[in-house]
Every structure is written in structure tokens, then in C-alpha cells.
Amino acid sequence: MEQLQLIRIFRESVKTGSEKATAELTENPNYLTKAAAYRKYGRSLVDRWFQEKLLELTPVRGRPSQLGIDKNTLEAIAAASNRITYLPVAER
């Protein structure tokens, strides 16, 4: 009976450890990388939002060495983005 208990404890430990490791290695759901923003909205739009200081790279919580874009801010800017706000070619 003790051997079965040890096997069950070992399996639970492995499962918990693998879930924790997977969670640490996956991206933070509240932040996107610049590359992910490019894929979602297009490079020219994202670069324009950076140039207009609408977006900025910020340290990701829990990973201070990694920079990301706040997902909520990016989605709000994309929703508010309107072709009327674009500068004419002569003014660029």
C-alpha cells in the first residue's frame, strides 16, 4: 500500500511541477511582444503608434528583463484608430 501512495504522490508532484514550469515559460497574457503586435495589427500601424507615442514598451510583471506591450492599451488604440487621423503624405 505504501508503494501505491508513493506512486500517486510522485505523479501529482510531476504534474504540478510541469504545470508550474509551463506557466512560467508561456507569455504573460496581459502583455504582447512587439512581434506579436506586428502579426496582429501590421508592422506599419504598430510602428506609427510607437512613433506617435501612443504605445510604449514596458517591463513585463514577473519578468523585469522582458519588455512588452500592454494588451489592453494596444486593443484600445486599435479600436480608436481611424483613417481620419492619418496625416496626409505632404505632412509626413
Side-chain angles (χ1 to χ4, degrees):
M1 195 77 166
E2 287 181 19
Q3 188 177 17
L4 291 176
Q5 288 176 337
L6 287 174
I7 291 171
R8 185 173 53 239
I9 291 170
F10 182 70
R11 283 184 181 166
E12 289 175 12
S13 298
V14 169
K15 182 179 176 186
T16 304
S18 65
E19 288 173 354
K20 185 177 177 183
T22 302
E24 289 177 2
L25 292 175
T26 57
E27 287 187 28
N28 190 326
N30 297 326
Y31 290 90
L32 289 175
T33 62
K34 201 171 184 182
Y38 284 161
R39 284 191 299 272
K40 189 167 186 176
Y41 296 105
R43 187 179 194 100
S44 62
L45 277 178
V46 174
D47 285 342
R48 183 173 64 89
W49 294 334
F50 274 111
Q51 187 177 30
E52 294 175 358
K53 306 276 191 254
L54 297 173
L55 281 179
E56 61 182 29
L57 290 173
T58 56
V60 175
R61 287 186 201 135
R63 294 183 171 190
S65 63
Q66 182 181 8
L67 296 177
I69 302 168
D70 182 37
K71 190 174 183 180
N72 295 329
T73 304
L74 179 63
E75 289 175 356
I77 291 169
S81 181
N82 191 349
R83 297 293 260 175
I84 294 172
T85 63
Y86 287 22
L87 292 174
V89 175
E91 294 179 12
R92 290 185 203 166

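- Listed here is the closest heavy atom pair of Val46 and Ala37: CG2-O, 3.6 Å.
- Arg8 meets the side-chain contact (heavy atoms from CB on, under 4.5 Å) test with Gln5, Glu12; sequence neighbours excluded.
- Across all their heavy atoms, Leu57 and Phe50 have their closest contact at N-CE2, 3.9 Å.
- Here Phe10 sits in one hydrophobic cluster together with Val14; the rule is ILVMFWY side chains under 4.5 Å apart, joined directly or through other members.
- Distance check, rounded to the nearest 0.5 Å: CG of Leu45 to NZ of Lys40 gives 13.5 Å.
- For the atom pair Tyr41 OH and Asp47 CG, the distance stands at 15.0 Å (nearest 0.5 Å).
- Side-chain contact check for Leu55 versus Leu74: some heavy-atom pair is nearer than 4.5 Å.
- Partners of Lys71 according to the side-chain contact (heavy atoms from CB on, under 4.5 Å) rule, which considers only residues two or more places apart in sequence or in another chain, are Leu32, Glu75.
- Atoms CD1 and OH, from Ile69 and Tyr38 in turn, are 8.0 Å apart once rounded to the nearest 0.5 Å.
- Note that CD1 of Ile77 is 5.0 Å distant from CG of Leu54, once rounded to the nearest 0.5 Å.
- Legend: residues meeting side chain to side chain donor-acceptor pair (under 3.5 Å) with Thr58, ordered by chain and number and at least two apart, are absent.
- With sequence neighbours excluded, the residues that form a side-chain contact (heavy atoms from CB on, under 4.5 Å) with Ile7 are Gln3, Arg11.
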